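Contents: one structure, followed by commentary.
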Amino acid sequence: MKLNRRALLQLSGATIAVASLGLPARAQAIEELVIAYNVNLPAWDPTTGPSAVNPTIQGIYQSVFDQFILQKPDLKPAPGILTEWGWNDDKTQIWMTVRDGVTWHDGSPLTAEDVAWSLARVADPATGSPIQFVWGTLTNHRVEGNKVLADVAQFDPTIFKWMYFLTGYVLPKAYYTKVGAAGFEAAPIGSGPYMVEKFERDAYVRLKANANYWGGKPDFETVTIKFVTDAAARVAEVESGNAHVTLEVPYEEYDRLKATLTGTATPISDIGMIFLNDIEVMLDPNVRKAAAHAIDKQTIIDRLLKGYGVAIDTLETPEYDAYDPSIKVPYDPDLAMKLLADSGYSVDKPVKFKIQTTKGFKPKDYEMIQAIVGLWRKVGIEAEIETYEIAKHYELRAADQLAPAAFYNWGNSVGDPTTSTGFAMFGPSPHSVWDGKDLIDMIGPLWGEKDEAKRIDGWKKVDAYIAENALVIPLLQYVQPILSAKGVVVTPHASGALLPYLMKRA
């Protein structure tokens, strides 16, 4: 991609929408930090609805709301709203100590009652939490001084990990009860490092620093996050000085601009993968296996991503707890053609299906799928590409209406196999589109396994079975490119969350 004067002028609708705000041009003496973000924010409640399980907007949520437990940039947990936590001896109860001195954005105190109510709320099926089946394993939430106790209705070894993962946020009981869901959406408040000053849907959100934040006031008083879903427009934003920070730009642009701007590119916990829906031709194991063996992942990484990526063959990256390097699905086009021939398909008589993908949401996402479709064509697979916004993917996946193949970026910032292989592949999960009973029967017992070594070994066996039967096609672990003005120091987070609170003045 080459940027000329015309391209620089073709900024996104978000850019136009905030052009009148008097945004700063360059990094010197930044008062208002401007971030060109790669995705829209559909809703403000971080605990309910499809948005709550969208990993790409967690950085915005974490700017406004506190999670129960803090997660450091290296993914390790740390004291947050909860300063201590654990199980009793027989693991029939959990206990949590709530930090003193925390206030909500309206100045009222955050108490143990808020924590207990927040946990009970997402455990209630009527609330609409997409992770209710996790939070529902706890019951009888109660407060004793600054401690919260809950009974374990069903043991979940990952329950405390969820407290710094998707939907693990503390909300204000009194305020939410007073204004209701609609009122909270219109004027959200949390206890996080930033407060919402103004929100224009599909355009931007302006945040103001929380001077009373328990973790210390942020460096930047004002942060404007512009929603710029087009990758070329994000490059133009940061190159022209209309934004100080951006992420997920094409790697060739990252290489070009890191000489004049500041660049960081580090591996994150995100996985690029292709969901296979158990409909139509994907019910044929030969088609699935051929599709997997026909993809030359390393060449795609080297040529399209400039080497920024790690090829993988399971839904576990090397940093995940159940990673097994012995599981391999090699590039083998000859084997792919043989498998297709066994089912009556060939280059002259190809198997046909649709594959869905985002375009510009992740670096070269659409181009990767184009390359894969080209490789498939060589062995006897004819795939039609359909593009969609990431929000549409969540809508279709929740309704189990994805196409036979669908590209997705899976985020698993806690590195546990339940939150990668488990939720992506367990049929009853709202995040899965593969409903095979054999896999359900393998995964089911692992949810409550108390023996940690046995649990991890069980997940490795599940991953091996999935790879052997090509029930999903993992592609790569992502390396996240971030560009920033010289006056801004960005601390990358291995979860992939871009956190303004971690940004400092140079």
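Predicted model, so just to flag it, every value in this text is computed and none were measured.
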Side chains of [X] and [Y]: do they bring a donor and an acceptor to under 3.5 Å?
X	Y	result
Tyr478	Asn409	no
Thr317	Glu319	yes
Asn286	Ser343	yes
Gln71	Gln62	no

With no hydrogens and no angle check, is any side-chain donor or acceptor of [X] less than 3.5 Å from a backbone partner on [Y]?
X	Y	answer
Asp365	Gly360	yes
Gln401	Leu396	no
Thr127	Ala123	no

task = Go through Ser420 and Trp459 one step at a time and tell me if the side chain to side chain contact (heavy atoms under 4.5 Å, CB included) criterion holds.
result = CA-CA 10 Å; Ser420 53; Trp459 282 112; over 6 Å; no

Please, which pairs that meet salt bridge (Lys or Arg N to Asp or Glu O under 4.0 Å) have at least one residue in [range], sequence neighbours excluded?
range	answer
residues 279-300	Lys297-Asp313
residues 399-410	none
residues 64-88	Asp74-Lys76
residues 44-60	Asp45-Arg121

message = Which label fits Tyr308 and Tyr251: parallel for a plane angle under 30°, tilted from 30 to 60°, or perpendicular past 60°?
response =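 The arrangement is parallel - the two ring planes meet at less than 30°.
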
Minimum heavy-atom separation for [X] and [Y], please, with both atom names.
X	Y	answer
Ile131	Leu166	CG1-O, 4.3 Å
Phe68	Ser118	CZ-CB, 4.0 Å
Ala265	Tyr254	N-OH, 3.3 Å
Trp376	Ala291	NE1-O, 2.9 Å

task = Would you indicate whether the side-chain heavy atoms of Val148 and Met96 approach each other to under 4.5 Å?
result =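 Yes; the side chains approach each other to less than 4.5 Å.
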
inquiry  = Do Ile271 and Asn412 make a side-chain contact, defined as non-hydrogen atoms from C-beta onward lying under 4.5 Å apart?
reply    =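 With C-beta onward as the side chain, the pair stays apart.
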
Quick one: pull up [atom1] in [X] and [atom2] in [Y] and give me the separation to the nearest 0.5 Å.
X	Y	atom1	atom2	result
Leu283	Asn277	CG	CG	9.0 Å
Thr139	Leu119	OG1	CG	11.5 Å
Asn38	Lys362	CG	NZ	7.5 Å
Asn40	Glu389	CG	CD	7.0 Å

message = Restricting to side-chain hydrogen bond (donor to acceptor under 3.5 Å, both in side chains), what partner residues turn up for Asp441, sequence neighbours left out?
response =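 side-chain hydrogen bond (donor to acceptor under 3.5 Å, both in side chains) check on Asp441 returns Lys437.
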
task = Please identify each residue that fulfils side-chain hydrogen bond (donor to acceptor under 3.5 Å, both in side chains) with Glu113, with sequence neighbours left out.
result =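 Glu113 satisfies side-chain hydrogen bond (donor to acceptor under 3.5 Å, both in side chains) with Lys173 only.
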
Residue pairs passing the side-chain hydrogen bond (donor to acceptor under 3.5 Å, both in side chains) test where at least one lies in residues 158-169, sequence neighbours excluded =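 Listed once each, the pairs are Gln58-Tyr169, Trp135-Thr167, Asp156-Thr158, Thr158-Trp162, Lys161-Asp321, Lys161-Asp416.
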
Worked verdict on Asp151 versus Thr92 for side chain to side chain contact (heavy atoms under 4.5 Å, CB included) = CA-CA 6 Å; Asp151 295 334; Thr92 58; over 6 Å; no

Output all residues satisfying salt bridge (Lys or Arg N to Asp or Glu O under 4.0 Å) with [X], sequence neighbours left out; order by chain, then residue number.
X	result
Asp124	none
Lys91	none
Lys378	none

task = Take Glu248 and Gln480 through the test side chain to side chain contact (heavy atoms under 4.5 Å, CB included) and record every step on the way to the result.
result = CA-CA 6 Å; Glu248 305 296 2; Gln480 184 184 62; 3.5 Å; yes

Intermediate values then yes/no, ring-ring contact (aromatic ring centres under 6.0 Å, His included), Tyr388 and Phe361 = CA-CA 10 Å; Tyr388 55 15; Phe361 170 64; 9.9 Å; no

request  = Kindly say whether the aromatic ring centers of Trp447 and Phe133 come within a distance under 6.0 Å.
outcome  =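 Here the rings of Phe133 and Trp447 have centres that are no less than 6.0 Å from each other.
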
Acceptor/donor pairs from residues 464-476 side chains to any protein atom, 3.5 angstrom cut, sequence neighbours excluded:
unit_1, atom_1, unit_2, atom_2, d
Tyr465, OH, Asp438, OD2, 2.2
Asn469, ND2, Tyr465, O, 2.9

Residues 429-436, side-chain donor-acceptor partners within the protein, below 3.5 Å, at least two apart:
unit_1, atom_1, unit_2, atom_2, d
Ser429, OG, Phe423, O, 2.9
Ser429, OG, His431, N, 3.0
Ser432, OG, Ala424, O, 3.3
Ser432, OG, Trp434, N, 3.2
Ser432, OG, Trp434, O, 3.2

task = Give me the one residue out of Trp410, Tyr408, Phe407 that meets ring-ring contact (aromatic ring centres under 6.0 Å, His included) with His393.
result =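 Output: one option passes, namely Tyr408.
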
